[in-house]
Asks: 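After the structure tokens below, expect a handful of questions from me.
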Amino acid sequence: MSTLTHDPGEKVQILDESGDVRDGATVPDLSDDRLLEMYKDMKLARRFDERAVSLQRQGRMGTYPPLSGQEGAQIGSAYALDDEDWLFPSYREHGAALVRGMSLEKTLLYWMGYEQGNKVEDANLFTVAVPIATQIPHATGAAWASKLKDEKKAFLVYFGDGATSEGDFHEGLNFAGVFDTPNVFFCNNNQWAISVPRERQTAAETIAQKAQAYGFEGVQVDGMDPLAVYSVTREAVEKAKNPGDDELRPTLIEAVQYRFGAHTTADDPTVYRDEEEVERWKAKDPIPRMETFLRDTGRLDDEREDAIVDEIEERVADAIDAAEAVERPDPEEMFANVYADMPQRLEEQLEWFERIRADHGDDALLED
């Protein structure tokens, strides 16, 4: 049974911005090895992100959505899931997907334009959703089906603050409240939906309080505190699978955080954000906070840190080499996997594509 009793206006925090445990806060009951793995995955996600942005700038990859600054929220929440639970990402959850079994190589392949990079095998992980908020009804429907089958599974779905302005957000959460589905709705409130600030998304004081309108609980957490994110998400997962007599299964979590980089590599955040704001948020960086906690509690030292860094460099380099060794996809693959049965209008476009290509070659496709 869950013990979630948080006020939607209260932001849950375990580690302060310096990495010290707050007075009265309870550190999650995780083993030393598990805490170190969490830290390593956060650093791995950050290094992967840095290299991915560099690849895009060099023309070796297509548009890419950076995640730096959100490692605490992604890794902390993904660690809170059990093996049987499901994760539904948006398009920025490379770190969370890694925890659930998606390889770095496949993530690179997807953003290099290779559709097979979005093929999930042997993991309870849904495919990447680039359209805003469309994954929310998918996760709600999957959770409802699981409940009807009397399974004990939780379904966590990620989305940004901008997604809360979409109809799919309201429809998904309203349905979840009515049908009491085992969902964890996880809002990565990173302050900006491309160039639109959070205060332009809603007049509500918090996003978490929106859950009250749907009849279930909302919790606001420091999204740059991985321990707080883990604790809140873990409680929500347990409640989704084993609710008390007087509580509904769903929970809306608002993880307050910041994306340090651009919305995507096609974006220029300097047009709409002040550098002072960025630096203010970088002082809350989840990775140094976690490192301080681990060092202060004797779980991490220089030798272990060096070993972690070396392992990460090797893993990221190997993933890049493996992805770039794959033969580039045929352009016709863009027509595959769109519908189970290709509609007539798409068949006509494919026929046109094949005709132009056969008569004039691939260069003519770029001209047209």
Side-chain angles (χ1 to χ4, degrees), residues 11-54 66-81 92-100 104 186 188-191 221-234 253 255-261 277-319:
K11 186 167 63 178
V12 179
Q13 188 182 67
I14 293 175
L15 298 179
D16 65 20
E17 293 174 17
S18 298
D20 298 323
V21 178
R22 290 173 56 92
D23 291 341
T26 301
V27 174
D29 185 18
L30 293 169
S31 69
D32 292 351
D33 287 344
R34 191 66 170 161
L35 288 167
L36 284 169
E37 286 294 320
M38 183 184 293
Y39 172 68
K40 183 168 67 175
D41 280 342
M42 289 168 60
K43 287 182 69 75
L44 175 58
R46 173 71 59 87
R47 185 57 180 150
F48 172 79
D49 196 63
E50 292 169 348
R51 292 296 307 275
V53 172
S54 178
L67 65 81
S68 289
Q70 299 187 205
E71 296 89 350
Q74 290 196 24
I75 305 304
S77 57
Y79 265 61
L81 295 173
R92 202 185 301 276
E93 278 75 46
H94 325 309
L98 170 70
V99 173
R100 297 301 286 175
L104 297 177
F186 196 100
N188 285 299
N189 176 8
N190 63 23
Q191 311 306 310
V221 63
D222 181 350
M224 303 177 87
D225 175 356
L227 298 186
V229 170
Y230 171 86
S231 294
V232 166
T233 308
R234 185 63 202 168
I253 297 173
V256 180
Q257 59 202 276
Y258 200 79
R259 57 170 168 83
F260 295 156
E277 174 185 291
V278 179
E279 291 304 314
R280 187 168 65 251
W281 278 93
K282 282 187 175 180
K284 308 173 190 288
D285 194 324
I287 295 178
R289 288 167 76 171
M290 188 67 169
E291 179 179 356
T292 296
F293 165 74
L294 293 174
R295 286 182 178 273
D296 288 350
T297 56
R299 296 178 171 95
L300 181 68
D301 55 25
D302 290 343
E303 183 178 353
R304 283 184 173 177
E305 175 70 16
D306 290 344
I308 288 172
V309 170
D310 289 344
E311 179 185 343
I312 287 172
E313 288 295 331
E314 183 176 355
R315 286 185 65 180
V316 174
D318 288 348

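Everything numeric here is computed off the predicted structure, so don't read it as measured data.
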Asks: Would you find more than 12 non-hydrogen atoms of other residues, nucleotides or ligands less than 6.0 Å from Glu279 atom CD?
Replies: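 Yes, because the 6.0 Å sphere around CD of Glu279 holds more than 12 heavy atoms from other groups.
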Asks: Counting neighbours of CG on Asp29 that are heavy atoms of other residues, nucleotides or ligands and sit closer than 6.0 Å, is the number greater than 12?
Replies: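 Atom CG in Asp29 is not packed in, count stays at 12 or less.
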Asks: Does any N or O in the side chain of Glu311 come within less than 3.5 Å of the main-chain N or O of Val309, such that one atom is a donor and the other an acceptor?
Replies: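 Side chain of Glu311 to backbone of Val309: no pair is present.
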Asks: Among all residues two or more places apart in sequence or in another chain, which pass the side-chain hydrogen bond (donor to acceptor under 3.5 Å, both in side chains) test with Lys43?
Replies: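 Lys43 satisfies side-chain hydrogen bond (donor to acceptor under 3.5 Å, both in side chains) with Glu305 only.
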Asks: Give, for atom CG of Asp20 and atom CD1 of Ile14, the distance between the pair rounded to the nearest 0.5 Å.
Replies: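 Those atoms lie 13.5 Å apart.
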Asks: Within this structure, what is the CG-CG distance for the pair Leu35 and Leu227, rounded to the nearest 0.5 Å?
Replies: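 Going from the CG atom of Leu35 to the CG atom of Leu227 covers 6.5 Å.
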Asks: Begin with the C-alpha distance, continue with both residues' side-chain angles, and end with the deciding distance and a verdict on side chain to side chain contact (heavy atoms under 4.5 Å, CB included) for Val256 and Gln191.
Replies: CA-CA 8 Å; Val256 180; Gln191 311 306 310; 3.6 Å; yes
Asks: Just verifying a value: how many Å separate Thr233 OG1 and Leu81 CG, rounded to the nearest 0.5 Å?
Replies: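 Here the interatomic distance stands at 8.0 Å.
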Asks: Taking side-chain hydrogen bond (donor to acceptor under 3.5 Å, both in side chains) as the test, write out the residues that go with Asp16, two or more places apart.
Replies: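 Result, side-chain hydrogen bond (donor to acceptor under 3.5 Å, both in side chains) vs Asp16: none returned.
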Asks: If every non-hydrogen atom of Leu104 is compared with every non-hydrogen atom of Ala319, which pair is closest and at what distance?
Replies: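 Looks like CB-CB, 3.7 Å.
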Asks: Which of these passes side chain to side chain contact (heavy atoms under 4.5 Å, CB included) with Gln257: Gln74, Lys284, Met224?
Replies: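 Considering Gln74, Lys284, Met224, a side chain to side chain contact (heavy atoms under 4.5 Å, CB included) with Gln257 is found only for Met224.
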Asks: Give, for atom NZ of Lys40 and atom CG of Leu294, the distance between the pair rounded to the nearest 0.5 Å.
Replies: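 It is 12.5 Å, given to the nearest 0.5 Å.
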Asks: Classify the ring geometry of Phe48 against His94: parallel below 30°, tilted from 30° to 60°, perpendicular beyond 60°.
Replies: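 Ring orientation of Phe48 relative to His94: perpendicular.
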Asks: Can any side-chain N or O of Arg234 pair as donor or acceptor with the backbone N or O of Ala80 at less than 3.5 Å?
Replies: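 Such a contact is found between Arg234 side chain and Ala80 backbone.
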Asks: Closest heavy-atom contact between Asp49 and Ser68?
Replies: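 The answer is OD2-OG, 2.8 Å.
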Asks: Take Arg259 and Arg92 through the test side chain to side chain contact (heavy atoms under 4.5 Å, CB included) and record every step on the way to the result.
Replies: CA-CA 10 Å; Arg259 57 170 168 83; Arg92 202 185 301 276; 4.2 Å; yes
Asks: Would you please test Ile75 and Tyr230 for side chain to side chain contact (heavy atoms under 4.5 Å, CB included) and show each step?
Replies: CA-CA 8 Å; Ile75 305 304; Tyr230 171 86; over 6 Å; no
Asks: Over all heavy atoms of both residues, which pair between Ser231 and Pro28 is shortest? Give the atoms and the distance, please.
Replies: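 Looking at all heavy atoms of both residues, the shortest contact is OG-CG, 3.2 Å.
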Asks: Under a 4.0 Å N-O cut-off, is there an ion pair linking Glu50 with Arg47?
Replies: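 Salt bridge between Glu50 and Arg47, a charged N being under 4.0 Å from a carboxylate O: yes.
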Asks: Does Arg22 pair with Asp225 as a salt bridge, N-O distance under 4.0 Å?
Replies: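 Judged by the 4.0 Å cut-off on N to carboxylate O distance, Arg22 and Asp225 do not form a salt bridge.
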Asks: Among pairs that include at least one residue of residues 288-300, which meet salt bridge (Lys or Arg N to Asp or Glu O under 4.0 Å), considering only residues two or more places apart or in two chains?
Replies: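 Sorted result for residues 288-300: Asp32-Arg299, Asp222-Arg289, Glu291-Arg295, Arg295-Asp302.
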Asks: Rounded to the nearest 0.5 Å, how far does CD of Gln70 lie from CG of Asn188?
Replies: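 Taking CG in Asn188 and CD in Gln70, the distance rounds to 5.0 Å.
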Asks: Which atoms form the tightest heavy-atom contact between Arg46 and Gly69, and what is the distance?
Replies: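 Closest approach of Arg46 to Gly69, heavy atoms only: NH2-N, 3.7 Å.
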Asks: Give, for atom CD of Glu37 and atom OH of Tyr79, the distance between the pair rounded to the nearest 0.5 Å.
Replies: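 Reported value, rounded in 0.5 Å steps: 5.0 Å.
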Asks: Side chain to side chain contact (heavy atoms under 4.5 Å, CB included), that's the test. Do Thr297 and Val27 meet it? Break it down for me.
Replies: CA-CA 11 Å; Thr297 56; Val27 174; over 6 Å; no
Asks: Using every non-hydrogen atom in the two residues, find where Gly223 and Val229 come nearest and quote the distance to one decimal.
Replies: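 Minimum heavy-atom separation between Gly223 and Val229: CA-CG2, 3.8 Å.
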Asks: Can you find a pair of side-chain heavy atoms, one from Tyr258 and one from Arg280, that are under 4.5 Å apart?
Replies: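 Side-chain contact under 4.5 Å: no.
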Asks: Indicate the atoms forming the closest heavy-atom contact of Ala73 with Ala255, along with that distance.
Replies: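 Closest heavy-atom pair between Ala73 and Ala255: CB-CB, 4.3 Å.
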